[in-house]
Amino acid sequence: MTATTDSAPSSPQNRPSAWAPLRHRVFFWLFLAQIASNVGSMMQSVGAAWLMGDLTTSPTLVALVQTATLLPVFLLGLPAGALADIFDRRRLLIVSQSWMLLTALWLAVLSFADLIAPWSLLFLTFSLGVGAALTLPAWQAIQPELVPRAEFPQAVALGALTFNLGRAIGPAVGGVIVATAGPPWVFLLNAVSFLVVVAVLMRWRRRVAVSTLPAETMAGAMRAGLRYGANSRALRHVLIRSLTFVLPAGALLSLLPVVARDRLGLGSGGYGLLLACFGVGAALAAVLRPRIDAVLNPDRMVELGTIVIAVVLLIDGLATNQWVVGAGLFFGGGAWTLTFTTTNVAAQSALPAWVRARGMGLFSLVTVGGLALGSALWGLVASRSLVGAQVLAAVTLLVGGLATRRWRVSAFQHLDLSPAPSDDPIITLVPRPTDGPVLVSVTYQVPEADMAEFTSTMRRVERQRRRTGARRWGLYRDLAAPDLVLEVFVVESWAEHLRQHDRRTTTDLVALDIVRPFVRGDVAVAHYVSAYSLADSDQP
């Protein structure tokens, strides 16, 4: 892999416009549909949080509304990513959005009939979260299909803008509707917003790549995603930094209903306006991101966001003036968007196309799942002391940011993960795709003087083999001929080994080629398939 110590700021001439991705028709219409959907979802969050406050006085149950929304992503992040990588993402999005439409409609019906209770509200909120969990990896994985590579970071920022426009508009409108007409009308409007997204997705004619290999199984796709995550240093850096941010930062929004109601004495409209302050700051940051990106590299962006959110947590914990809290939330929204957009772009930059949805499923598992668990944790702490919970969250955020500085999200920013040319293995006996396991051996001749550096460099080759599908890997020296080194790795099936060839990226080839200077002569490659598996294929 090639690594960089810092990402150079882009020049004004090369920096794309903040609005450049909107020139692409499909992205434009999905952008508008997402605004409608996110406005509805933010109205839903206000209605659900406020309704729970009417049903119970427990801060824990109020905080659990956000947990119920986000926990499904923690539970389903990886399976949802696997689904999005092995099935048509457009169809999966239509199914997930339709599920959320029906759930929101059912919640509205129960609320109109006055049949809702705290636990049924949490259950239906959890059900909406299931739809969101299925949506997130697929939605993020389709972004590179909609815009050119140079515009991709800003496409992610505009995706954040749709969310934060929803956060700016939805809470204020939702608060007014809850105050004047009641939560059921908010739930009904949310159902209508999902209908808009389904309509746009139905009109999109997505190109689906055709493979001659059999489709991956669900279990196999999940294992491949986990192997990639475990062996990708770039993705691990992003996940570690993201987790240490979201766990304490989740206290900011999960405890805001309690702050608004109990400390500031606000109604649902005032609570909605506080959320709108957060959303306006977030939306403005998404628009200004190209200019900020020219000044701050990704790691500085995450560090700045961490400090600002910690300060806003202290303001929420100590201030008693609603205008001070609102001003703090405005800056907090900007910091939140810049941090999440930065880590999202870094995560996608660490993922080749074949595993993008699974990798983003892991990212969603860590970020949204971390928010869900953090919300529950800080809700429990707040049941003893609201001020103590927010102060402790701010301190935890700062300590975590300092402790994880060495896991830099910009260290692998310039990886070239475009597909490398694929070559077919040279074989005489042709196994079935399901035959396996498969053992691959690679023989190198290495002079003794280069042996130490060769074996050290082969660690990078190990990570590449494991990322693309190897279950086991080893490097051995021949005791009779010490200059001969044998690399062996095991893959679960012949089809999975053929996928290894298709999964290689340009950066992978660099990692494989970097050992060539230490090797004399040709490299010999041999493929072995389980004799028992081949024997079974000969049976009538």
Side-chain angles (χ1 to χ4, degrees), residues 42-67 69 118 121 164 166-183 186 248-284 308-337 371 374-395 397:
M42 291 300 106
M43 291 168 57
Q44 160 84 30
S45 67
V46 171
W50 206 258
L51 179 59
M52 183 62 80
D54 289 338
L55 296 173
T56 178
T57 58
S58 169
T60 301
L61 285 176
V62 173
L64 282 176
V65 171
Q66 179 160 304
T67 300
T69 302
L121 175 59
N164 290 298
R167 195 187 292 278
I169 300 169
V173 175
V176 171
I177 294 175
V178 168
T180 58
V186 168
L252 183 62
L253 294 180
S254 64
L255 297 178
L256 188 58
V258 185
V259 172
R261 185 191 294 266
D262 296 348
R263 180 182 300 146
L264 302 179
L266 300 176
S268 60
Y271 168 59
L273 288 173
L274 288 180
L275 278 179
C277 290
F278 185 94
V280 169
L284 183 61
V308 172
I309 293 294
V311 172
V312 176
L313 278 166
L314 292 175
I315 291 173
D316 272 16
L318 303 174
T320 56
N321 183 288
Q322 61 187 8
W323 299 106
V324 173
V325 173
L329 288 170
F330 172 83
F331 289 102
W336 190 281
T337 288
L371 282 173
S375 296
L377 171 66
W378 300 116
L380 289 173
V381 177
S383 64
R384 294 179 175 272
S385 170
L386 179 59
V387 174
Q390 290 167 307
V391 172
L392 182 59
V395 172
L397 185 60

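These numbers come from the heavy atoms of this one structure, side chains and all, not from hydrogens, waters or symmetry mates. Keep in mind that what you see is a predicted model, and the values were worked out from it rather than measured.
- If you take CG on Leu252 and CD on Gln390, they are separated by 8.0 Å, rounding to the nearest 0.5 Å.
- Here the closest heavy-atom approach between residue Ala393 and residue Pro248 is recorded as O-CB, 3.4 Å.
- Listed for the Ser383 side chain is a donor-acceptor partner under 3.5 Å among the backbone atoms of Leu380.
- Heavy-atom minimum distance, Thr337 versus Ala282: OG1-CB, 3.0 Å.
- Considering CD1 of Ile309 and CG of Leu314, their distance stands at 11.5 Å, rounded to 0.5 Å.
- Between Ala394 and Ala310 the shortest heavy-atom distance is CB-O, 3.4 Å.
- Listed by chain and residue number, Trp378, Thr396 satisfy the side-chain contact (heavy atoms from CB on, under 4.5 Å) test with Leu392 (two or more places apart in sequence, or in another chain).
- For the pair Ala48 and Leu121, the tightest heavy-atom approach, listed with the atom from each and the gap, is O-CD2, 3.6 Å.
- To the nearest 0.5 angstrom, Phe278 atom CZ is 5.5 Å from Trp336 atom CH2.
- Between Leu255 and Ala389, the closest heavy-atom pair is CD1-CB, 4.0 Å.
- If you run side-chain contact (heavy atoms from CB on, under 4.5 Å) between Leu329 and each of Val280, Leu274, Val324, only Leu274 comes through.
- Residues satisfying the side-chain contact (heavy atoms from CB on, under 4.5 Å) criterion with Ala181, sequence neighbours excluded, are Ile177, Trp185.
- Between the side chain of Arg263 and the backbone N or O of Gly317, at least one donor-acceptor pair lies under 3.5 Å.
- Scanning all heavy atoms of the two residues, the minimum distance from Gln44 to Val186 falls at N-CG1, 3.5 Å.
- Taking CG of Asn321 as the start and CD1 of Ile315 as the end, the distance is 11.5 Å to the nearest 0.5 Å.
- Val325 has its side chain within reach of Leu264: a pair of non-hydrogen atoms, C-beta onward, lies under 4.5 Å apart.
- If you take CH2 on Trp323 and SG on Cys277, they are separated by 8.0 Å, rounding to the nearest 0.5 Å.
- In this structure, the side chains of Phe331 and Val311 stay at 4.5 Å or more apart for every pair of heavy atoms.
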